[in-house]
Amino acid sequence: MIKRTFINIFILVLAFSGLAYSQSTRSLVNKGVDYYKEGKITDAEVNFKKGLEKAPKNYIVNFNLGDAYYKQQQFDEAIKSYQKALAESKTSLQKASVYHNIGNSLLKGKKIDQSIKAYEQALKLNPSDYQTKYNLSYALHQKQNQKNKNNKDKNNKDKNK
């Protein structure tokens with residue numbers, strides 16, 4: 001499963017959104033990104049949380065914190081951060097990226113039907129996103145496998161009656 005890296009999104013958003021950071025928030029986010037790149041995910045999380053203390057309604061900080069949680073397999077926390085990022089998103093591409101990552105978190109959390117809905121939302125906003133198309137296809141395949149397994153289990157149960 002392909003996971004969109006927050007670093008690319010961070011650069012894209014920073015370049016196009018015109019968001020104004022206070023220098024301290026910017027430095028916290030940049031340090032968090034550095035920690036993330038180095039694989040120090042817990043340290044990245046700490047920096048992103050400190051950034052949220054200064055700018056709780058910041059799209060980038062919430063998005064990056066979601067990625068830090070995702071990397072630590074804290075999928076419910078990741079979803080909460082992504083939802084906060086969604087509320088602060090300004091463009092369709094930002095929203096599509098958030099829905100993509102929500103879909104990934106839901107899928108990893110075994111919430112297949114919800115992940116499919118998130119991927120579909122992402123594709124409505126960015127229909128040409130091949131990563132999301134791939135992930136949606138994967139989730140649909142997982143759903144079919146789950147359905148086949150349930151039918152097989154039911155058939156075996158019926159045979160044993």
Side-chain angles (χ1 to χ4, degrees), residues 1-21 25-26 28-30 32-33 35-37 41-42 44-45 47-151:
M1 206 168 62
I2 299 172
K3 171 77 169 74
R4 185 183 325 271
T5 62
F6 78 99
I7 296 163
N8 292 336
I9 300 301
F10 174 77
I11 292 168
L12 179 71
V13 170
L14 193 59
F16 295 109
S17 71
L19 292 175
Y21 283 110
T25 302
R26 182 186 307 240
L28 287 167
V29 171
N30 289 343
V33 170
Y35 283 138
Y36 190 96
K37 287 180 187 177
I41 307 304
T42 306
E45 176 190 340
N47 270 58
F48 297 142
K49 284 181 176 178
K50 287 179 184 176
L52 279 180
E53 289 173 11
K54 297 181 178 296
K57 293 188 175 208
N58 185 290
Y59 167 80
I60 294 170
V61 181
N62 280 295
F63 190 93
N64 289 351
L65 180 59
D67 281 346
Y69 284 134
Y70 180 92
K71 209 52 156 164
Q72 296 173 82
Q73 299 182 8
Q74 297 176 25
F75 304 118
D76 290 337
E77 291 301 314
I79 292 166
K80 289 176 189 173
S81 288
Y82 292 139
Q83 288 170 334
K84 289 177 185 175
L86 185 62
E88 302 307 322
S89 60
K90 305 285 187 239
T91 68
S92 293
L93 288 178
Q94 287 177 340
K95 290 175 183 167
S97 294
V98 173
Y99 277 118
H100 174 95
N101 285 5
I102 288 172
N104 289 348
S105 299
L106 289 164
L107 190 60
K108 286 285 190 174
K110 308 287 187 222
K111 298 173 183 172
I112 297 171
D113 288 335
Q114 291 174 298
S115 73
I116 290 169
K117 289 177 185 173
Y119 292 136
E120 289 172 343
Q121 279 298 119
L123 287 172
K124 285 179 186 175
L125 296 163
N126 185 7
S128 62
D129 186 335
Y130 291 106
Q131 289 180 331
T132 302
K133 287 178 183 180
Y134 175 86
N135 289 8
L136 174 58
S137 175
Y138 179 83
L140 289 167
H141 183 74
Q142 292 297 99
K143 181 178 179 174
Q144 187 61 45
N145 286 347
Q146 187 179 56
K147 194 176 196 180
N148 291 343
K149 183 183 180 298
N150 290 344
N151 287 340

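If you're wondering where the values come from, they're calculated on a predicted model, not measured in any experiment.
- Legend: residues meeting ring pair (Phe, Tyr, Trp, His ring centres under 6.0 Å) with Y69, ordered by chain and number and at least two apart, are absent.
- Among residues two or more places apart in sequence or in another chain, the side-chain hydrogen bond (donor to acceptor under 3.5 Å, both in side chains) test is passed with K117 by none.
- Listed by chain and number, the residues in a side-chain hydrogen bond (donor to acceptor under 3.5 Å, both in side chains) with Q144 are N148 (sequence neighbours excluded).
- Checked against side chain to side chain contact (heavy atoms under 4.5 Å, CB included), S92 has the following partners two or more places apart in sequence or in another chain: L125.
- The side chain to side chain contact (heavy atoms under 4.5 Å, CB included) search around A139 returns L107, S115, I116, Y119, not counting sequence neighbours.
- Residues Q72 and A68 share a closest heavy-atom pair of NE2-O, 3.1 Å.
- Under a 3.5 Å cut-off, the side chain of Y70 and the backbone N or O of I79 do not form any donor-acceptor pair.
- Of the inter-residue distances, the one linking N64 atom CG with Y59 atom OH reads 9.0 Å to the nearest 0.5 angstrom.
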(request) Begin from the C-alpha positions of K49 and E45 and carry the test salt bridge (Lys or Arg N to Asp or Glu O under 4.0 Å) through to its verdict. (result) CA-CA 6 Å; K49 284 181 176 178; E45 176 190 340; 2.8 Å; yes
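- Residues N145 and K149 fail the side-chain proximity criterion, which asks for heavy atoms closer than 4.5 Å.
- For E120, the side-chain hydrogen bond (donor to acceptor under 3.5 Å, both in side chains) test picks out no residue, with sequence neighbours left out.
- By the side chain to side chain contact (heavy atoms under 4.5 Å, CB included) test, K110 is found to be paired with no residue, residues two or more places apart in sequence or in another chain being considered.
- I102 contributes atom CD1, which lies 12.0 Å from atom NZ of K95 (distance to the nearest 0.5 angstrom).
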(request) Mind running side chain to side chain contact (heavy atoms under 4.5 Å, CB included) on N104 and H100 for me, showing each step along the way? (result) CA-CA 6 Å; N104 289 348; H100 174 95; 3.3 Å; yes
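- The two atoms that bring T132 and A122 nearest to each other are CG2-CB, 3.8 Å, heavy atoms only.
- In this structure, the side chain to side chain contact (heavy atoms under 4.5 Å, CB included) partners of L52, at least two apart in sequence or on a different chain, are V61, N62, L65.
- In this structure the side chain of N47 never reaches within 4.5 angstrom of the side chain of Y36, judged on heavy atoms.
- A78 and G66 make their closest contact through CB-O, 3.4 Å (heavy atoms, listed as atom of the first residue, atom of the second, distance).
- In this structure, the separation between OG on S81 and CG on L86 is 12.5 Å, given to the nearest 0.5 Å.
- Among residues two or more places apart in sequence or in another chain, the side-chain hydrogen bond (donor to acceptor under 3.5 Å, both in side chains) test is passed with S128 by N126.
- One finds the OH atom of Y138 at 8.5 Å from the CD1 atom of I112 (value rounded to the nearest 0.5 Å).
- A distance of 12.5 Å separates NZ in K50 from OG1 in T25, rounded to the nearest 0.5 Å.
- Here the straight-line distance linking atom OH of Y82 with atom OG of S105 works out to 5.0 Å at 0.5 Å rounding.
- Residues in residues 132-143 take part in these salt bridge (Lys or Arg N to Asp or Glu O under 4.0 Å) pairs, two or more places apart or across chains: D113-K143.
- Evaluation of the salt bridge (Lys or Arg N to Asp or Glu O under 4.0 Å) test over residues 78-89, restricted to residues two or more places apart or in two chains, returns E77-K80.
- The minimum heavy-atom distance between F48 and V29, with the atom names listed, is CE2-O, 3.6 Å.
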